[in-house]
Amino acid sequence: MSSISSKRLAKELKEFHSLNLVGVTLLKADDFKQWLVGIEVMGESLFQNEVFALRFTFDSQYPISSPEVVFIDDGVHHIPPHPHVYSNGHICASILGQEWSPVLSVASVCITLQSMLASCKAKERPPDNDRYVRNAPLSPKNTRFHYDDDTV
Amino acid sequence: MDPHELADVTDPSDFPLEVLKKLDSTFRCTICKEFFEAPVLLTQCGHTFCSLCIRNQLPNKPECPLCKKATKETHLVRNVMFGEAIDTWCKAREDIESIPSTSKRKLDDVICIYNSTSEAEEDISSKPKKRKTKEEVSCPICFRHVLMSSINSHIDNGCKGYLAREDPKLGGSDKLKSKAAWNSIFKQDKRKIYNSPQDSEIPDHDSKLPKVSYGTLTLSGLKTLLSDFGLSTTGDKDALIARHERWIAIYNANLDRAHPKSLGELKTRLEEVEETVNRPAPKRISDEKDWTKKNQDQFKSLIEQAGNGAKRKRGDDESNNQNIPESSSERSERT
């Protein structure tokens, strides 16, 4: 119960409530293993008035090890068509892989992904979407992404 | 989620005043969000982390988690003064939180200086009343008796100190305080728990353990390394290596404390960490279709059972029937 990861997540949960981020809502956080967060891009963008759901999965090594973050399609929410988001919900973002740092948090990941969606120029899938989705591992943490685009 | 899990957590939002919130958060490690434990300075960039936090992180990535500047374990230096500042703040925090309502006048003055909104005044005056209670509660982690008002600090401190009564002979609250004060001076008292002469040994500040290149070691060599410190030698080679790596991190981090703990305490810590890490991970279903096929019969019987139960209950209690079908389907999915 008092493992480092659950202690840290308890604090994040408290912080999350006091931060009151615009366009970021906690959909489900019943335990310290998996959270669902709704994110919406505010202001003018291709994704105006669309709400997407992110699933965070934490292991016992969090925050030393990164959380697994994917977009989910649960009927209500769908997976955003974005050049860095595969149709199975996996996200190609360096901060979720190589560039993860333990000082990042659920809130900071949400803000980053919000801005990733906001700066989207065309609603399309990554060029290698079909190939990747066919062979994708269950968790995007097992994928070695090649981060080649700094603009979005 | 157990609501108590959240109630135990202290964090900067405990304070209604913005400045105090900020002050409180500067005393917390950005990795674990707890008050710094044995703070160390990264000499390449000047950022500070808990010794153990950064020692766990650096093997993954040899850079500062905050500014990404390259660094190494050998660049870590004890941040002595900052450690003292944190200790002092932790004590002051206790007092600020438990200012009784009789001295509200003084507090009002403080608020006038920092913040003149009436909202803050209300907040701060209502809080101490709630926390003033001298009620004793048993700590959910160590089960010892702690005053309700100091349970947060007790847990934050890793279940050390702030005990309501360590010795049943001592009763009154000022006696408690003086006892706590004496305890902090004669810390040896606590170390007596560990009787073995080796375990009670307190390592020297400058005796950092070197890193080991495990590739060149045989299994028996590894076992001697572990048994030199009286550590368990069970498990395969990978488990032994992981244990020794953790031990080095815990051991070296301990040396960054103002008052290093005894080897016995470190061993308990290692066991605790191993326990949380080695807890079997929940099984992941690799092939959903296959899994569904294999367990179809079980699903069916469970759904049937749940359906029967739901029908029966619906007969019993009309008002409850709305959530029964929902929960039963959920259950069948989970199995």
Side-chain angles (χ1 to χ4, degrees), chain A residues 1-20 26 28-36 55 57-68 70 74-75 88 94-108 135-142, chain B residues 1-16 21 25 28-34 37 47 49-50 52-61 63-68 139-142 155-156 158-159 249 272-282 284-288:
Chain A
M1 177 193 121
S2 62
S3 75
I4 298 165
S5 80
S6 44
K7 258 186 168 176
R8 151 99 189 218
L9 283 168
K11 281 174 202 279
E12 277 196 44
L13 200 58
K14 235 179 151 185
E15 191 194 334
F16 211 99
H17 290 305
S18 63
L19 276 177
N20 255 330
L26 215 49
K28 183 179 145 283
D30 302 336
D31 53 30
F32 295 137
K33 292 197 176 73
Q34 204 163 75
W35 291 4
L36 289 185
R55 187 186 67 207
T57 312
F58 311 99
D59 60 19
S60 65
Q61 295 297 301
Y62 180 82
I64 299 295
S65 83
S66 61
E68 174 199 309
V70 289
D74 57 0
N88 60 357
S94 60
I95 60 150
L96 299 176
Q98 270 174 32
E99 294 299 310
W100 167 258
S101 158
V103 299
L104 296 172
S105 62
V106 174
S108 61
N135 307 311
L138 262 176
S139 162
K141 283 181 75 179
N142 298 327
Chain B
M1 188 173 5
D2 183 3
H4 293 294
E5 264 175 89
L6 273 184
D8 295 345
V9 175
T10 70
D11 99 327
S13 64
D14 292 343
F15 297 106
K21 266 185 206 167
S25 64
R28 286 170 185 273
C29 168
T30 40
I31 294 179
C32 65
K33 311 252 176 195
E34 305 278 340
E37 202 178 339
H47 285 117
F49 299 93
C50 294
L52 190 58
C53 289
I54 192 71
R55 281 173 202 279
N56 281 333
Q57 166 62 12
L58 284 182
N60 298 343
K61 244 183 165 195
E63 60 179 31
C64 169
L66 276 170
C67 65
K68 310 254 166 194
C139 164
I141 296 166
C142 69
I155 290 169
D156 243 23
C159 291
E272 281 166 13
V273 173
E274 285 205 326
E275 204 208 316
T276 51
V277 173
N278 294 342
R279 211 175 285 158
R284 279 199 104 138
I285 301 163
S286 49
D287 186 353
E288 244 172 87

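Residue numbers start from 1 in every chain, and the chains themselves are labelled A, B, ... in the order their sequence lines are given, proteins ahead of strands. All figures in this text were calculated on a predicted structure; none of them were measured in a lab. Any value given below was found using the heavy atoms of this structure, including those in side chains, with hydrogens, waters and symmetry copies removed.
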Okay, A:Glu99 and chain B: the region with an atom under 4.5 Å from a heavy atom over there is both
Original post:
Do B:Ile155 and B:Cys139 touch side chain to side chain, with heavy atoms closer than 4.5 Å?
Top reply: yes
Worksheet entry | Aromatic plane relationship, A:Tyr62 with A:Trp100 - under 30° parallel, 30 to 60° tilted, over 60° perpendicular | tilted
When the 4.5 angstrom heavy-atom criterion is applied to B:Asn60 and chain A, the contacting part is side chain
Separation between OG (A:Ser105) and CZ (A:Arg8), nearest 0.5 Å, reads 6.0 Å
Under 4.5 Å to a heavy atom of chain A? For B:Cys53 that would be backbone
**OP:** Would you indicate whether the side-chain heavy atoms of A:Glu68 and A:Leu138 approach each other to under 4.5 Å?
**Re:** no
